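Working notes, beginning with the structure itself.
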Amino acid sequence: MKLHVISKYNSLAKNLLLSLASSVVGAYGLMCLVWVVTGLKYNALTCVKIYLVCDLLLLAGLFAVSCAFSYQRKKELDRITDRYAQFGSDDEYFRMLKAYMGEPLSDSKLLLYASCHLEGGRYADSRKVLENIDFSKLDADEQEEYFNICLYSAILENNKELANDIYFKARHYFDRAVMAGKNRYILHTLGMFCLMNGKLENAYTLFMSAMRERNVSLKCECDIGLGHCYLASGDKESAKEMCYTAAEQAVTRSQAMRIRELMILVEEEYRKSS
């Protein structure tokens, strides 16, 4: 699950490249316009000089505008981040997030919006957002992510009946994602699904496979899953170690909460054996 992946402001290098590409095309158009307006009287050398002047002016102007826009987007994103840090996933946070993403939200943006609800622990709301998506307008990767969010929300909600129903109805999409091997987040979700259904060996294999992607947040999720696998198999020492490992990788509130829940379960097992 690509949780809370919001498009941020562009870097200076990216702004420069975008401005350069636009200025090259725009300068050529301006040169042609000047040439036509003046009655086609300029020779090739003069046209080149006009082009270079237009290119430099456009580059400077576009770069300044793009940097100002990026700075404004950065400030908006910082306000959203501060809101989340102070109050969590409240209604105001989602109002700000929706405004930042730009209304009306496209189907692709609604998919991201649903993921943000999932990250905030609002599982039912996440599925409600998905209901507003025109599934036929999503590309193949987005279709797989759509069902990934559906399944993961049911798992985190500990709704086994719903999770099984979602998996078997959308099994084609999960199998397709696994065969392609592109989305390691789906492997993690399937690991959680196996864990929910008591298939510990399958869950362990899926978590280890998902961890091949160098992503701190995903590694944290897999460490939490492995902790539950170890705990369910009676290896409380390894489960405890996974708690500490996951804590070092945690990047969201929801991850911190799930680590805490796992640690409580581990401590209970230690008390039982003492």
Side-chain angles (χ1 to χ4, degrees), residues 1-120 129 132-134 137-142 145-146 182 185 214-217 251-252:
M1 186 67 54
K2 298 179 181 179
L3 301 179
H4 212 170
V5 181
I6 305 173
S7 297
K8 297 186 178 182
Y9 54 91
N10 292 331
S11 65
L12 288 176
K14 188 172 182 179
N15 277 324
L16 180 59
L17 288 174
L18 291 173
S19 300
L20 182 60
S22 300
S23 67
V24 168
V25 177
Y28 181 78
L30 286 174
M31 181 197 71
C32 292
L33 179 62
V34 172
W35 188 52
V36 171
V37 169
T38 56
L40 313 180
K41 67 178 183 179
Y42 293 136
N43 58 30
L45 181 59
T46 303
C47 287
V48 170
K49 291 179 180 179
I50 293 172
Y51 171 80
L52 291 175
V53 171
C54 292
D55 188 29
L56 288 173
L57 290 174
L58 278 175
L59 177 60
L62 290 171
F63 183 62
V65 170
S66 62
C67 285
F69 178 76
S70 289
Y71 177 72
Q72 182 60 35
R73 294 287 283 176
K74 177 186 182 299
K75 288 177 63 178
E76 292 176 17
L77 188 61
D78 287 344
R79 284 196 292 269
I80 294 172
T81 303
D82 290 343
R83 179 75 193 187
Y84 181 73
Q86 293 182 46
F87 303 102
S89 303
D90 62 357
D91 291 338
E92 178 61 15
Y93 163 75
F94 283 108
R95 186 200 66 76
M96 294 171 66
L97 183 59
K98 199 172 188 179
Y100 177 85
M101 295 170 69
E103 299 184 72
L105 298 182
S106 65
D107 292 294
S108 295
K109 287 184 177 179
L110 280 171
L111 192 64
L112 174 57
Y113 196 52
S115 182
C116 291
H117 277 79
L118 178 60
E119 178 190 345
V129 173
N132 295 318
I133 294 176
D134 185 345
K137 292 183 179 179
L138 300 178
D139 62 29
D141 290 343
E142 289 172 335
E145 181 66 7
Y146 177 97
K182 293 184 294 183
Y185 290 87
R214 294 183 179 180
N215 181 295
V216 174
S217 181
V251 294
T252 68

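Since we're looking at a predicted model, the values are computed, not measured.
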Got a donor-acceptor contact below 3.5 angstrom from the Asp107 side chain to the Leu138 backbone? no
Who passes side chain to side chain donor-acceptor pair (under 3.5 Å) against Ser106, sequence neighbours left out? none
Residues that [X] engages under side-chain contact (heavy atoms from CB on, under 4.5 Å), provided they are two or more places apart:
X      : answer
Asp139 : Asp141, Glu142
Val53  : Leu57
Lys49  : Leu45
Leu105 : Lys98, Met101, Lys109, Leu110, Tyr113

Please identify each residue that fulfils salt bridge (Lys or Arg N to Asp or Glu O under 4.0 Å) with Arg95, with sequence neighbours left out. Glu92
Sequence-distant partners of Asp82, salt bridge (Lys or Arg N to Asp or Glu O under 4.0 Å), two or more places apart: none
Let me confirm one number: the CG-NE2 distance from Leu97 to His117, rounded to the nearest 0.5 Å.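 So the CG of Leu97 and the NE2 of His117 are separated by 8.5 Å.
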